[in-house]
2 protein chains.
Amino acid sequence: MTQIKRVSECPPGDDLGNVVPLTAHSLKAACSQCNLQELCLPLGLSEAEIQRLDSLVSTRRKVKRGQHLYRTGVPFEAIYAIKAGFFKTDVLMEDGRDQVTGFQMAGEILGMDGISLESHTCNAVALEDSEVCVIPFAQLEQLSSEMRTLQHHFHKVMSREIVRDQSVMMLLGTMRAEERLAAFLLNLSQRFTARGYSAAEFHLRMTREEIGSYLGLKLETVSRAFSRFQEEGFIAVQQKHIRILDLAALKALLTHTPLPTPHSSHG
Amino acid sequence: MTQIKRVSECPPGDDLGNVVPLTAHSLKAACSQCNLQELCLPLGLSEAEIQRLDSLVSTRRKVKRGQHLYRTGVPFEAIYAIKAGFFKTDVLMEDGRDQVTGFQMAGEILGMDGISLESHTCNAVALEDSEVCVIPFAQLEQLSSEMRTLQHHFHKVMSREIVRDQSVMMLLGTMRAEERLAAFLLNLSQRFTARGYSAAEFHLRMTREEIGSYLGLKLETVSRAFSRFQEEGFIAVQQKHIRILDLAALKALLTHTPLPTPHSSHG
DNA sequence: AGACGCGTTTGATCTGTGTCAACGCTGCAT
DNA sequence: ATGCAGCGTTGACACAGATCAAACGCGTCT
């Protein structure tokens, strides 16, 4: 089935199409013409409704690899829909320790952490040259109150984030190193699939250290788990290029309980 | 300073006031008369607006200790504001492992996980006899679109949940056992304070195993950390009764980096 | 009063992952 | 070409926390 050979593994390095070196803002966004409708905020809206969204989402912003989209503590004004590219979010503790709290790709929404305290509680950094649609939050709320479908869908998007966080907690709280990495790879695979890229072959945009930070592991442990998966024939690793050879085996790692929960065999 | 001697450590066991053994529903809710306004959904609403809320939040539901408020997979219809009592939420994996994802107390909102897939993704269980206000979600959205302040505040509540999840990830991903427990105790202390109870003395509603599950530790490790804190004079533990003796010491555990990040001394 | 059960504490030992260190690969700059 | 810097891999060893096991405290039931 996966007749995909080299289906561009996510947008190639052509700096997102435009030749003009616009620093920011001036780009006109247009949900109605965007191929991410199915994944993004417009999901479930009618043609007419999407056109009303267009007026709200009026600007885009380019973020170069390594640059921040926003930083902890800056006033919250807008949420962002990723038009193209790849981001990480991370939180920094007073003592210098930090943790990657997520990786976000095209069609996903960034910035909802900022609503509650009216300033952002994490950093969002581009892991490759990226572009986001700026959605001024006050205007989104205005439009939401006029469009029930938009309001409802936005609630779903926020709720989805809460559900995602639950599974990260599960991962960090109960899984062993190899399970965590398997879960991570399967999750990426699935999200790439949803975007029309290959489920079995992709480029990691983040370093081993960033993966480790997200998974609550040290980079050496991540590296060893990759090596082990390769030895077992589950995947082929070449630097940041990953090919999944045995999806079922990875899935089995997650469901097969490697720690035979003892409270099942006593009476 | 803490002249509080035995400031009722959360609602006493008088089964929540009413003598009538109403099983459920029939109770009339009334945000306008509730002393949790400052913490709960009505926060920031005017008198008149709160009265409009009353019509929406029309029923309450009692949940006895050990009973479920909702279970994974059941259709999502309402969110719940905790009127009195104490809950945990947990997620169950296919292989039987589970993880407590949170503990919730009076004034906090339960059930927002269900919005995204229209069915709940975790279990909510009462850890003591409790009572919740049922907030039918469709009606909440309806009223939200008519009341911008309510809409905005609800967004803040959801965002607060996302922010909370971030700090749990930080806890699970980067902290050592004793730091986790310290963070846990400080968090409880702060939330009890916000509800008018003593910051320094409280009853844990959950077992060591549930604490461990939440913190990504085994119950023995939790127990040992409690003992250690007691030896050090940070707290006094007697079963589930906790007295904080040295708040500053607990806080110091969190900020003092016990793992001297090495990348600071090379140039 | 005595017995049972559940939750908790404490000790002894094991192990997965962290830590420290060396080396290899790749791409960029000189 | 050559050197350098950043990232990744691999090995040896250490340690925090898991696991296994025993005993205790407290409440409930008979």
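Small disclaimer: the values here were computed from a predicted structure and weren't measured. Hydrogens, waters and symmetry mates play no part in the numbers below; they use all other heavy atoms, side chains included. Reminder, nothing fancy here: chain letters follow the sequence lines and each chain counts from 1.
Per the geometry, NE2 belonging to His203(A) stands 14 Å off C1' belonging to dG8(D), to the nearest Å. Protein atom CZ of Arg176(A) is 15 Å distant from nucleotide atom C1' of dG18(C), rounded to whole Å. For Arg65(A) and dC28(C), the CZ to P distance is 10 Å, given to the nearest whole Å. Distance Glu178(A) CD to dT15(C) C1': 14 Å, rounded to the nearest Å. Taking atom CG of residue Leu171(A) and atom P of nucleotide dT17(C), one finds them 12 Å apart after rounding to whole Å. Computed from coordinates, the His241(A) NE2 to dG8(D) P distance equals 15 Å when rounded to whole Å. Rounded to whole angstrom, the span from the CD atom of Glu209(A) across to the P atom of dT9(D) amounts to 13 Å. Between the CZ atom of Arg97(B) and the C1' atom of dA18(D) there is a distance of 14 Å, given to the nearest Å.
Between Phe103(A) and Phe87(A), the gap from one ring centroid to the other reaches at least 6.0 Å. For Tyr197(B) and Phe202(B), the ring centers sit 6.0 Å or farther from each other.
When each of dG7(C), dG11(D), dG17(D) is scored by its nearest atom to the side-chain atoms of Thr207(B), the top-ranked nucleotide is dG7(C). Taking the side chain of Glu220(B) as heavy atoms from C-beta on, and the options dC20(C), dT10(C), dA18(D), the nearest nucleotide is dT10(C). Distance from the side chain of Ser223(B) is smallest for dT10(C) among the nucleotides dT10(C), dA18(D), dT19(C).
Cation-pi contact between Arg208(B) and Phe226(B): present, with separation from the ring centre below 6.0 Å and deviation from the ring axis of at most 45°.
If you check distances only, the side chain of Arg224(A) does reach the base of dG11(D) with a donor-acceptor pair under 3.5 Å. For dT10(C), the base has no donor-acceptor partner in the side chain of Arg208(B) [N/O atoms by modelled type, under 3.5 angstrom].
Taking a 6.0 Å sphere around CD of Glu209(B), one finds it holds 12 or fewer heavy atoms contributed by other residues, nucleotides or ligands.
Among the atoms of the strands shown, only primed sugar atoms or phosphate atoms (P, OP1, OP2) are found under 4.0 Å from some heavy atom of Gly216(A). Leu217(A) comes within 4.0 angstrom of sugar-phosphate atoms only, judged by non-hydrogen atoms across all strands, and of no base.
Place Lys218(A) and Leu219(B) on DNA chain C by their nearest nucleotides, and Leu219(B) ends up nearer the 5' end.
In the model, Thr255(B) has no side-chain atom that pairs as donor or acceptor with a side-chain atom of Asp95(A) under 3.5 Å.
DNA chain C is contacted by Ser227(B), Lys240(B) of residues 227-240 of chain B, taking any non-hydrogen atom closer than 4.0 Å.
With salt bridges taken as basic N to acidic carboxylate O contacts below 4.0 Å, one links Arg164(B) and Glu161(B). By the 4.0 Å N-to-carboxylate-O rule, Glu108(B) lies close enough to Arg195(B) to be salt-bridged with it.
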